[in-house]
Visitor: 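Before I ask anything, let me first share the structure, which is written out below as structure tokens.
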Amino acid sequence: MQRFGLITSDLLQAEMAETVLVIGSGAREHALAWKLAQSAHIKHVLVAPGNAGTASNGKISNSDVPTNDHNQLISFCKSNDISLVVVGPEAPLAAGLVDDLTAAGLRCFGPKAKAAQLEASKSFSKDFMIRHGIPTAKYKSFTNPKEACDFINSADFPALVVKASGLAAGKGVIVASNKEEACKAVNEIMQDKAFGEAGDTVVVEELLEGEEVSCLCFTDGYTVAPMPPAQDHKRLMDGDQGPNTGGMGAYCPAPQISKDLRDQIRDTVLQRTVDGIREEGALYIGVLYAGLMLTKDGPKVLEFNCRFGDPECQVILPLLQSDLYEVIQATIAGGLAGSMPVWLEDHAAVTVVMASGGYPGSYNKGLEITGLSKAKELGLEVFHAGTTLKDGKVVTSGGRVLTVTSVGKDLLSALEEANKGVSAIDFPGAVYRKDIGFRAIAYLKQHRCV
């Protein structure tokens, strides 16, 4: 097998003819396209549907091919010589997009539907963890709201986390502060259908205490190649106040995770999951994301995602020194063990999300965004999420609008630079946090590293 790291420059020139398609429209997909466009193998990255940041940006442009129509997508890929399809979000994975593209002879990065159940069904995921001895919170699944509430009131542990079992765009988890609130959450999800069919089954879970971290890896179904650990910030406002969101910022690496702890997570969570799903008849190929709580009893899995997190992707990929296209090809070919990705050492990345006023509730759209070129001049990467082009101007079109990313020698300097970028950019009612990474900075101060 060709060792991906040992391709000669002549061969690189000959191979710079690849066209890649990224599926999705968020900042995660912009970051994926940005990193793929750096590869000498690639001449063009198409993003479907993409956003204002991926429209006519160097090697990157948008495509309006309908991604929900698998047959149309297959025809498009074949007629446009697409050599690789990278699936960003979870819904197409759960809908079997990778199964259909692979069956049509196309190369696709992401797990097939059976493996993607680890994210698409929280009930399946929890049962899977118990079967394979993967550390997680105590729980029980219900299809009847009264039984769920009886369990909340009688459990011998704080049964205060209520989750819609299906896909709810990262918003289907309610952490209640008491039993009454937890029962209310059950009724909102199951009777009021707050998350539609995703809430037909709920998982009621023990409230774990500790710090939350995101540990991701590339995997070819056998080998796992861990990425540096990251930490997301779910609450809307500084100091972890306000409502839960899809994520208001992230930093990487998380210094709270020692090398020994990383190795423990790799062996007891990531490797065990990949081996377990393979034993159950599904080869897991793609990115596996474990959301973990670092408890006093060790790391425990809160959830699995079957793709890059958003905003974690925007702080992990800037630290990847290897060619992402080569890493993906090695992963699909089952050759990851011979082509392990290399990461930038002694650096930190911070990304700050700029959201629309009113998010995560209702918000206005179509507001003009200014200052993007100023942020670029500061040497920052601005990954677009809810943006679109209107009369040649970049305007808002979603809840999370932009993610401003900085890479620095350390966390403090990266945060400072990212905040400068956020200050340079403006749109009416913009909401953002100024304290991304505050837990890590406190940890480093405590251990006198700052």
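No experiment lies behind these values; they were computed from the predicted model shown.
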Visitor: Is any NZ, NE, NH1 or NH2 atom of the basic residue among E212 and K234 found under 4.0 Å from an Asp or Glu carboxylate oxygen of the other?
Guide: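 Salt bridge: no.
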Visitor: If you measure from OG1 on T201 to NZ on K163, what distance do you get to the nearest 0.5 Å?
Guide: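 Going from the OG1 atom of T201 to the NZ atom of K163 covers 14.5 Å.
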Visitor: So do the side chains of E29 and P89 get within less than 4.5 Å of each other, counting heavy atoms only?
Guide: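 In contact.
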Visitor: How would you list, by chain and number, every residue that makes a side-chain contact (heavy atoms from CB on, under 4.5 Å) with R235, sequence neighbours excluded?
Guide: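 Testing R235 for side-chain contact (heavy atoms from CB on, under 4.5 Å), a comparison that skips the adjacent residues, returns D240, N244, R433.
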Visitor: So, the side chain of T331 versus the backbone of V327: is there a donor-acceptor pair under 3.5 Å, distance only?
Guide: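 Checked: pair present.
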Visitor: Test: side-chain hydrogen bond (donor to acceptor under 3.5 Å, both in side chains). Region: residues 360-378. Which pairs qualify, not counting sequence neighbours?
Guide: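 For residues 360-378, and leaving out neighbouring residues, the side-chain hydrogen bond (donor to acceptor under 3.5 Å, both in side chains) pairs sorted by first residue read K376-E381.
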Visitor: Mind checking what makes side chain to side chain donor-acceptor pair (under 3.5 Å) contact with T223, not counting sequence neighbours?
Guide: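 Testing T223 for side chain to side chain donor-acceptor pair (under 3.5 Å), a comparison that skips the adjacent residues, returns none.
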Visitor: Could you list all the ring-ring contact (aromatic ring centres under 6.0 Å, His included) pairs where at least one residue sits in residues 122-149, not counting sequence neighbours?
Guide: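 For residues 122-149, and leaving out neighbouring residues, the ring-ring contact (aromatic ring centres under 6.0 Å, His included) pairs sorted by first residue read F128-H132, F142-F151.
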Visitor: Just checking, any donor-acceptor pair under 3.5 angstrom between side chains of S141 and S123?
Guide: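 Yes, because at least one side-chain N or O of S141 sits under 3.5 Å from a partner of the opposite role on S123.
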Visitor: Checking the side chain of N51 only, and the main-chain atoms of G53 only, is there a donor and an acceptor separated by less than 3.5 Å?
Guide: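 Yes.
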Visitor: Less than 4.0 Å between a side-chain N and a carboxylate O, is that true for R131 and E280?
Guide: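 Looking at E280 and R131, the cut-off is met.
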Visitor: Mind listing the side-chain donor-acceptor pairs of residues 76-85 below 3.5 Å, one per line with the distance, residues two or more places apart or on another chain?
Guide:
| from | atom 1 | to | atom 2 | distance (Å) |
| --- | --- | --- | --- | --- |
| K78 | NZ | A104 | O | 3.1 |
| S79 | OG | S75 | O | 2.9 |
| S79 | OG | F76 | O | 3.3 |
| N80 | ND2 | F76 | O | 2.8 |
| S83 | OG | E18 | OE1 | 2.8 |
| S83 | OG | T19 | O | 3.3 |

Visitor: Nearest 0.5 Å, what's the CG-CG distance between L415 and N419?
Guide: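 So the CG of L415 and the CG of N419 are separated by 4.5 Å.
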Visitor: Any salt bridge between R278 and D275, counting N to O under 4.0 Å?
Guide: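 The answer is yes: the pair qualifies as a salt bridge.
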Visitor: Ignoring hydrogens and geometry, is there a side-chain-to-backbone donor-acceptor pair from H233 to G437 under 3.5 Å?
Guide: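 Checking the backbone N and O of G437 against the side chain of H233, a donor-acceptor pair under 3.5 Å is found.
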Visitor: Ignoring hydrogens and angles, tell me if any N or O in the side chain of T273 forms a donor-acceptor pair with the backbone of V269 under 3.5 Å.
Guide: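 It does hold such a pair.
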Visitor: If a pair satisfies ring-ring contact (aromatic ring centres under 6.0 Å, His included) and one of its residues is in residues 374-403, list it, with sequence neighbours excluded.
Guide: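 Found H30-F383, H30-H384, W34-F383.
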Visitor: Do the side chains of R28 and E312 get close enough for a salt bridge, i.e. N-O under 4.0 angstrom?
Guide: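 Result for this pair is no, no salt bridge flagged.
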Visitor: Determine whether the side chains of D232 and S214 contain a donor N or O and an acceptor N or O closer than 3.5 Å.
Guide: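 No, no side-chain donor-acceptor contact under 3.5 Å.
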Visitor: Out of curiosity, Q271 CD to L288 CG, how far, rounded to the nearest 0.5 Å?
Guide: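 The CD atom of Q271 sits 10.5 Å away from the CG atom of L288.
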Visitor: Would you check if the side chain of T219 reaches a backbone N or O of I285 as a donor-acceptor pair within less than 3.5 Å?
Guide: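 No, the answer is negative, given that no donor and acceptor are paired below the 3.5 Å cut-off.
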Visitor: Indicate yes or no for a side-chain donor-acceptor contact from S322 to the backbone of W343 under 3.5 Å, with no hydrogens or angles considered.
Guide: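 Checking the backbone N and O of W343 against the side chain of S322, no donor-acceptor pair under 3.5 Å is found.
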Visitor: Among side-chain atoms of T136 and K126, is any donor-acceptor pair under 3.5 angstrom?
Guide: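 Their side chains do contain a donor-acceptor pair, which is all the 3.5 Å distance test asks for.
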